[in-house]
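These notes concern the structure reproduced below.
Lettering of chains follows the sequences in order, A, B, ..., and the numbering in each one begins at 1.
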Amino acid sequence: MLYDYTSIEKKWQKVWDEKQPFAAKQDFSLPKYYALVEFPYPSGQGLHVGHPRPYTALDIVSRKKRMQGYNVLFPMGWDAFGLPTENYAIKNKIHPRIVTERNVARFKSQLKSLGLSFDWSREINTTDPDYYKWTQWIFLQLFKAGLAYKKEMAVNFCTSCKVVLANEEVVNGSCERCGAPVIRKVKSQWMLKITEYAEKLIDGLNGLDFIERVKTQQINWIGKSTGAEIDFATTAGDKLRVYTTRCDTLFGATYMVIAPEHAMIEKWKPLLQNFDEIRAYQEAASRKSDFERTELVKEKTGVMLSGVRAINPVTGKEIPIFISDYVLAGYGTGAIMAVPAHDERDWEFAKKFGLPIIEVVAGGEDVEKAAYTDTATGKLVHSGFLDGLEVAEAKKKMIEYLEEKGIGQARVNFKLRDWVFSRQRYWGEPIPLVNCENCGWVAIPEEELPLRLPEVDSYEPTETGESPLSLMTDWVNCSCPKCGGRAKRETDTMPQWAGSSWYFLRYCDPHNDKALASPEALKYWLPVDWYNGGMEHTTLHLLYSRFWHKFLYDQGVVPTPEPYQKRTSHGMILGENGEKMSKSRGNVVNPDDIVRDYGADTMRLYEMFIGDFEQSAPWNTQSIKGCKRFLERFMNLLDIVKGEGVTPELERPMHKMIKKVTQDIDSMRFNTAIAAMMAMLNTVYDHGSLTKDELDTFAKVLSPFAPHIAEEVHERIGGKGLVSIAPWPVYDEAKTVDATVELPVQVNGKVRGVVSVAKDADKDAVLAAVHADEKIQAARAGSAVVKEIVVPGKIVNLVVKPQ
RNA sequence: GCGGGCAUGGUGGAAUUGGCAGACACGUAAGAUUUAGGAUCUUAUAUCGCAGAUGUGCAGGUUCAAGCCCUGUUGCCCGCACCA
C-alpha cells in the first residue's frame with residue numbers, strides 16, 4: 001500500500017476547511033474545554049521546527065477532548081505589533097501593515113500544512129483596529145482607575161532601537177531584541193501600577209495548576225519581603241526614613257547609606273561641606289547603567305556626607321551618612337541603616353571605610369572576620385531591651401517599640417517595579433489620551449475608539465527619541481474632549497505586551513463590536529483550561545496578562561479572578577549539534593522541508609516522540625524515519641485487515657493501549673503514548689491480522705497525533721463521517737489486566753527465575769509455585785531461607801543464608 | 001552568591017514512583033529480496049565472559065530490594081542577582 005502523504009494530507013485539509021469540524025460550538029450547555037497556545041509574532045523568517053512542538057501537543061489534547069465530547073475552543077492569532085516588523089519596514093520602505101500581512105499569510109499557510117485543528121473562524125490580529133480598539137479601551141479603564149500615571153524617570157534606553165525598554169526587556173545590560181547596549185535616560189513615561197497587584201499576583205497562584213518552576217519564578221520576581229520602616233532623626237533637624245528586614249539589629253546600626261539619587265541630598269545641599277565631591281559621585285553613578293552598577297560587585301564605593309549626621313534612635317549616638325550606589329533608589333526608601341556585623345554588603349563597606357562593627361546577635365564567629373547573617377539561631381546582645389531574645393522575637397518586640405514611639409512601623413516591600421508602558425515607536429497601539437493645556441491628561445471618549453494609527457511618511461523614530469507620530473502635527477493637535485480647549489495627543493504607543501495581555505478573552509467572542517467579549521461567552525469559556533507557552537514569558541507576558549485580568553475582574557468585566565487554570569511549558573528543540581537553533585549558528589530546520597520530505601503526520605509524530613515534552617531535545621533528521629516507517633506500516637494494516645469484531649489475542653493489548661494513550665495525553669507524556677502505539681502495531685504484525693473494527697479503533701486513537709492518515713484509513717475501511725470527531729475509544733479496565741502474571745523471583749536480590757501465577761494469587765500460592773520451580777531450587781540449594789518477601793503482582797524475594 | 005532543573009547503551013529516550021534497568025525508536029552488524037543503489041523483511045545489539053559477573057556522573061548510607069530515598073561531591077543547563 002503506497003503511503004502518498006502529500007495527496008492524503010492535501011485531501012483532508014481541504015475537507016476540514018470545508019466542513020469546519022473544529023469550530024467551537026455556540027451551544028453553552030455543553031461541557032467546555034479551552035486549550036490555548038501562545039500566539040506567535042509573525043516574523044519574516046517563518047516558522048522553525050520549534051514552533052510546532054507546543055502547537056501539536058495542545059492540538060492532540062484538543063482533538064482528544066473533542067472526541068470525548070467536549071466543546072473545545074482551540075484558537076490561533078497573531079501578536080503582530082512590534083519592533084522587528086517596524087525595523088524591516090524602515091529598512092525596505094514598506095508599510096509595516098503590508099509586512100505584517102505578508103508574514104501572517106506565510107505563517108498561516110505553514111500552520112495549515114501541519115493539520116492543526118485551530119478554529120480559524122476566530123483568528124485575531126493585535127494590529128487590527130477592531131482588536132486594538134479594546135486594547136485601548138482596557139488602557140482607558142486602567143487610566144480611569146488611577147493605575148496609569150505619567151512619571152519622569154530614568155529609563156532603559158536602547159541605543160540602536162532608540163526606544164525605552166522595560167526592566168524585563170534588558171538582559172545583561174543589553175537590549176533583549178537587538179543586543180545593543182542600553183543606557184539610562186530621563187524621560188516622561190506612562191507607567192502601569194502592577195505593584196498595586198503584587199500581593200494578589202502571589203496569592204492568586206494558590207490553587208492554580210501551574211508547573212512549580214513557573215510559580216517559583218513569578219514569586220521570586222515579585223520578591224515580597226517583610227520588614228519595617230524606621231525614621232532616623234538627623235542633625236539637619238529632619239528625618240531620614242529607611243527600610244530594613246532586620247529591625248532587630250537596630251542597636252548595631254553604625255552608619256547609614258542613601259542612594260546617589262536620593263532627594264535629601266538636594267535638601268541638605270547648604271549644609272554639605274563636600275558637596276562637589278558628592279555631586280561628582282552622583283554624576284558618575286548616573287552614567288552607569290543598572291547593569292554596570294551591579295557588575296562592580298567586588299569594590300564598594302561611596303562618599304561620606306560631611307555636615308549632616310543621623311542619630312540612631314535606640315542608642316542615641318550620632319552616626320555618619322554615606323551615599324553609595326550599592327543602595328538602589330528604586331527599592332524601599334532608597335536609604336538603609338547599615339549593620340556591618342550582620343550584613344555582608346554593609347560589612348564590606350565598613351571594612352573599606354574603617355567604620356565600627358558592633359555585634360548584636362551572638363552565635364557567629366568573630367564579626368571582625370565576617371558578617372554573621374544567620375537568623376535561625378543566635379540571641380541578641382549589646383541591644384538593651386532586646387538582650388537575650390531570639391531574632392524572631394526581637395523583631396516583633398522592636399516593631400512594637402518603634403510603633404509605640406512613633407518612629408517606625410511594620411512594612412512589606414516588593415522587588416516588582418511598575419510597568420513602563422510607553423514606547424517611542426510607530427508600530428504599536430496609540431495611547432488614547434490627550435494633554436489639554438487646562439485639564440492635563442484626558443481620556444478620549446470611548447465612542448471614539450479605536451484611535452487609529454495615522455499614516456506617516458517615515459516610521460523612523462526622531463533623533464530625540466520621540467515617536468514618529470510626534471511629527472504629525474495635524475494629528476497631534478486636537479481639542480480637549482472635556483473643555484474643548486487646545487490639546488495635544490499622546491504620541492507614544494503601547495509596548496508589544498499590551499495586545500497579548502488580553503487576547504485569550506477576545507477569542508471567546510472575537511467579532512463582538514459592543515464589548516471586548518460578551519459576558520455570556522466569558523462566563524462560559526473562562527478560565528483557560530490549559531495554557532502552554534515558553535518559560536521566557538513567565539515574568540513578562542504571563543505576569544502582565546494575569547495583572548490585566550485581575551484588574552478586569554475587579555472592574556466586573558471578567559468572571560474569574562485568574563485567567564489560566566493550568567500552565568505548562570515545553571522544552572526547546574535544539575539543532576542537530578545540540579545547540580540552540582538560530583540563524584547565526586546555521587542549524588535551523590525549516591518545517592516546510594520536513595513536511596515535503598516526510599509529511600505533516602510524520603513531522604507531528606516525530607516532534608512528540610523526540611522526548612519529554614518539558615525537556616529540551618536535539619533535532620535529528622535521521623530519527624524521523626522511525627516515525628515515517630510506523631505510519632507506513634500503519635497504512636499497510638489495510639492489507640491484512642480481515643473480518644469484523646474482536647480478535648481474542650488482540651483484545652487485551654488493545655485495551656491496554658487505549659488506556660495508556662488516554663492517560664498519557666492528559667499527563668502530556670506524548671512520547672510514551674506513541675511508543676505504546678508502536679508496540680501495539682508490532683503486536684498486530686506478530687499476530688498477522690486484525691479486524692476492521694480493531695483497525696478503526698486504532699485509527700481513532702492515532703488520529704490526534706497523525707490526523708490525516710487516520711482519516712484516510714478510516715475512510716478506506718468504509719468508516720462513516722470524520723474520524724477526527726468520532727467518539728474516543730473507551731477501554732474496559734478489566735480487559736487491561738492479564739489473567740496470569742509473570743512474577744520475577746529473586747534470591748538475595750538477584751533475579752533467578754520467573755513464575756507464572758494467577759493475577760490474584762495469594763502469598764501461599766505464589767510461594768508454592770516459587771518453591772516448585774527448578775531454577776529457584778538450584779539457586780537456593782544448600783542454603784536456609786531466612787525471609788520470604790512477596791509483593792503481589794510485582795516480585796518475590798527470598799533471603800537465604802548458607803547453612 | 002541565591003533559586004530551580006538535569007546526569008541512564010554508539011544516539012534520542014523508557015522504567016507503573018522503592019520491585020526483572022534499557023520499553024519504543026535511531027544507528028550498527030549479519031542474512032533475505034533486488035541488475036545495482038535505495039526501499040523493505042528477518043535476526044542480533046548495555047559491557048566482559050564458556051555456564052557467571054558487572055553496570056544508571058562520583059563517594060558513602062538506609063532497605064529483603066535503590067536509576068528512584070538520605071548525606072556528601074563533580075559537571076552541565078536555566079532563572080534572579082548589591083532588593084537592605
Side-chain angles (χ1 to χ4, degrees), chain A residues 171-172 211-221 223-225 227 242-247 249 253 257 290-291 293-298 300 324-328 330-339 342-346 348-349 373 413-417 535-536 538-539 571-572 578 580 605-606 609-612 614-627 629-630 632-633 636 660 663 669 671-682 685 742-754 786-800:
Chain A
V171 178
N172 289 344
I211 50 173
E212 241 3 84
R213 55 197 171 122
V214 169
K215 283 192 184 180
T216 36
Q217 250 186 59
Q218 289 207 342
I219 289 168
N220 291 345
W221 185 263
K224 181 176 176 175
S225 97
V242 301
Y243 174 71
T244 177
T245 56
R246 295 295 305 276
C247 64
T249 61
V257 187
D290 267 350
F291 178 62
R293 278 174 66 158
T294 60
E295 202 184 24
L296 302 170
V297 164
K298 312 117 217 165
K300 296 259 183 296
S324 171
D325 63 6
Y326 86 89
V327 171
L328 307 175
Y331 184 76
T333 61
I336 62 157
M337 64 178 214
V339 186
H342 305 288
D343 182 282
E344 276 167 28
R345 297 151 301 183
D346 297 345
E348 222 181 288
F349 191 87
T373 56
N413 255 317
F414 297 93
K415 287 190 205 174
L416 186 70
R417 312 285 173 85
M535 274 315 281
E536 70 275 19
T538 302
T539 53
M572 249 190 301
K580 200 172 160 178
L605 213 55
Y606 176 64
F609 187 58
I610 194 167
D612 187 316
E614 295 199 76
Q615 227 61 47
S616 58
W619 181 266
N620 185 336
T621 300
Q622 192 68 254
S623 296
I624 301 172
K625 283 183 187 160
C627 293
R629 261 177 222 156
F630 167 71
E632 280 165 350
R633 292 191 346 126
N636 287 339
K660 177 87 179 139
Q663 293 179 343
R669 293 196 302 242
N671 52 338
T672 50
I674 293 167
M677 290 189 279
M678 288 173 165
M680 182 66 205
L681 188 72
N682 292 340
Y685 274 106
E742 304 263 285
L743 227 46
V745 182
Q746 300 180 327
V747 176
N748 285 349
K750 294 208 168 77
V751 180
R752 297 300 181 188
V754 176
V786 181
K787 202 170 175 187
E788 292 168 326
I789 293 138
V790 178
V791 185
K794 294 258 169 96
I795 205 161
V796 178
N797 192 9
L798 303 180
V799 185
V800 304

Looking only at heavy atoms, which two atoms of [X] and [Y] are closest? And how far apart?
| X | Y | value |
| --- | --- | --- |
| A:Q217 | A:T539 | O-CG2, 4.0 Å |
| A:A676 | A:K660 | CB-CG, 3.6 Å |
| A:R246 | A:M337 | O-CE, 3.5 Å |

Expressed as a whole number of angstroms, how long is the span from [X]:[atom1] to [N]:[atom2]?
| X | N | atom1 | atom2 | answer |
| --- | --- | --- | --- | --- |
| A:L743 | B:rG19 | CG | C1' | 10 Å |
| A:Y331 | B:rC80 | OH | P | 17 Å |
| A:I795 | B:rU63 | CD1 | C1' | 14 Å |
| A:K300 | B:rA84 | NZ | C1' | 11 Å |
| A:I674 | B:rA23 | CD1 | C1' | 14 Å |
| A:F630 | B:rC26 | CZ | P | 12 Å |
| A:R633 | B:rU42 | CZ | P | 7 Å |
| A:L605 | B:rA25 | CG | P | 11 Å |

Gap in Å between the two [atom1] atoms, one belonging to [N] and one to [M], rounded:
| N | M | atom1 | result |
| --- | --- | --- | --- |
| B:rG22 | B:rU16 | P | 13 Å |
| B:rG12 | B:rA7 | P | 12 Å |
| B:rA46 | B:rU56 | C1' | 11 Å |
| B:rA21 | B:rG9 | C1' | 11 Å |
| B:rU8 | B:rA15 | C1' | 10 Å |
| B:rA84 | B:rU74 | C1' | 34 Å |
| B:rG10 | B:rC58 | P | 14 Å |
| B:rC24 | B:rG18 | P | 24 Å |

Taking O4'-C1'-N9-C4 for purines and O4'-C1'-N1-C2 for pyrimidines, is B:rG13 syn (within 90° of 0) or anti?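 Anti, since the glycosidic angle lies more than 90° from 0.
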
Taking O4'-C1'-N9-C4 for purines and O4'-C1'-N1-C2 for pyrimidines, is B:rU17 syn (within 90° of 0) or anti?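 Syn, angle within 90° of zero.
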
Does A:Q218 reach the side chain of A:T538, with side-chain heavy atoms less than 4.5 Å apart?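 With C-beta onward as the side chain, the pair touches.
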
Measure from the side-chain heavy atoms of [X] and tell me the nearest of [options].
| X | options | answer |
| --- | --- | --- |
| A:I789 | B:rC20, B:rG27, B:rC64 | B:rC64 |
| A:A617 | B:rC24, B:rG4, B:rG13 | B:rG13 |
| A:P744 | B:rC82, B:rC64, B:rC20 | B:rC20 |
| A:I336 | B:rA84, B:rG19, B:rG13 | B:rA84 |
| A:T245 | B:rA84, B:rG3, B:rC24 | B:rA84 |
| A:Y243 | B:rA84, B:rG12, B:rG27 | B:rA84 |
| A:N797 | B:rG4, B:rC64, B:rA25 | B:rC64 |
| A:T672 | B:rA15, B:rU54, B:rG3 | B:rA15 |
| A:E742 | B:rG5, B:rC20, B:rC64 | B:rC20 |
| A:A675 | B:rC82, B:rC26, B:rA23 | B:rA23 |

Does [N] have its OP1 or OP2 closer than 4.0 Å to a side-chain nitrogen or oxygen of [X]?
| X | N | value |
| --- | --- | --- |
| A:Y326 | B:rA84 | no |
| A:R629 | B:rC26 | yes |
| A:R213 | B:rG79 | no |
| A:Q622 | B:rG27 | yes |

Relative to each other, are the rings of A:Y331 and A:Y243 parallel, tilted or perpendicular (30° and 60° limits)?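 A:Y331 vs A:Y243 ring planes: perpendicular.
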
Over all strands shown, is [X] touching base, sugar-phosphate only, or nothing at heavy-atom distances under 4.0 angstrom?
| X | result |
| --- | --- |
| A:V799 | sugar-phosphate |
| A:N671 | sugar-phosphate |
| A:K750 | sugar-phosphate |
| A:S616 | sugar-phosphate |
| A:S225 | sugar-phosphate |
| A:F609 | base |
| A:D612 | sugar-phosphate |
| A:N748 | nothing |

Residue from A:M572, A:E614, A:R213 passing side chain to side chain contact (heavy atoms under 4.5 Å, CB included) with A:M535: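 Answer to the side chain to side chain contact (heavy atoms under 4.5 Å, CB included) test with A:M535 among A:M572, A:E614, A:R213: A:R213.
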
Can you spot which of A:D325, A:I336, A:V242 makes a side chain to side chain contact (heavy atoms under 4.5 Å, CB included) with A:V257?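 In the set A:D325, A:I336, A:V242, the residue that makes a side chain to side chain contact (heavy atoms under 4.5 Å, CB included) with A:V257 is A:I336.
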
Let me spell it out: for each of A:K794 and A:T333, pick the nucleotide of RNA chain B with the closest heavy atom. Which residue's pick is nearer the 5' end?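 Per heavy-atom nearest nucleotide, the more 5' residue is A:K794.
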
When you match A:K787 and A:Q746 each to their closest nucleotide on RNA chain B, which lands nearer the 5' end?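 So the residue in question is A:Q746.
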
Answer yes or no: is there a donor N or O on one side and an acceptor on the other, between the side chain of A:Y606 and the main chain of A:N620, under 3.5 Å?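 At least one qualifying donor-acceptor pair exists.
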
Is the backbone of A:G749 close enough, under 3.5 Å, to the side chain of A:N797 for a donor and an acceptor to pair up by distance?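 Yes.
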
Watson-Crick or G-U wobble partner of B:rC48, both distances under 3.5 Å: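 By the stated definition (distances under 3.5 Å), B:rG52 pairs with B:rC48.
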
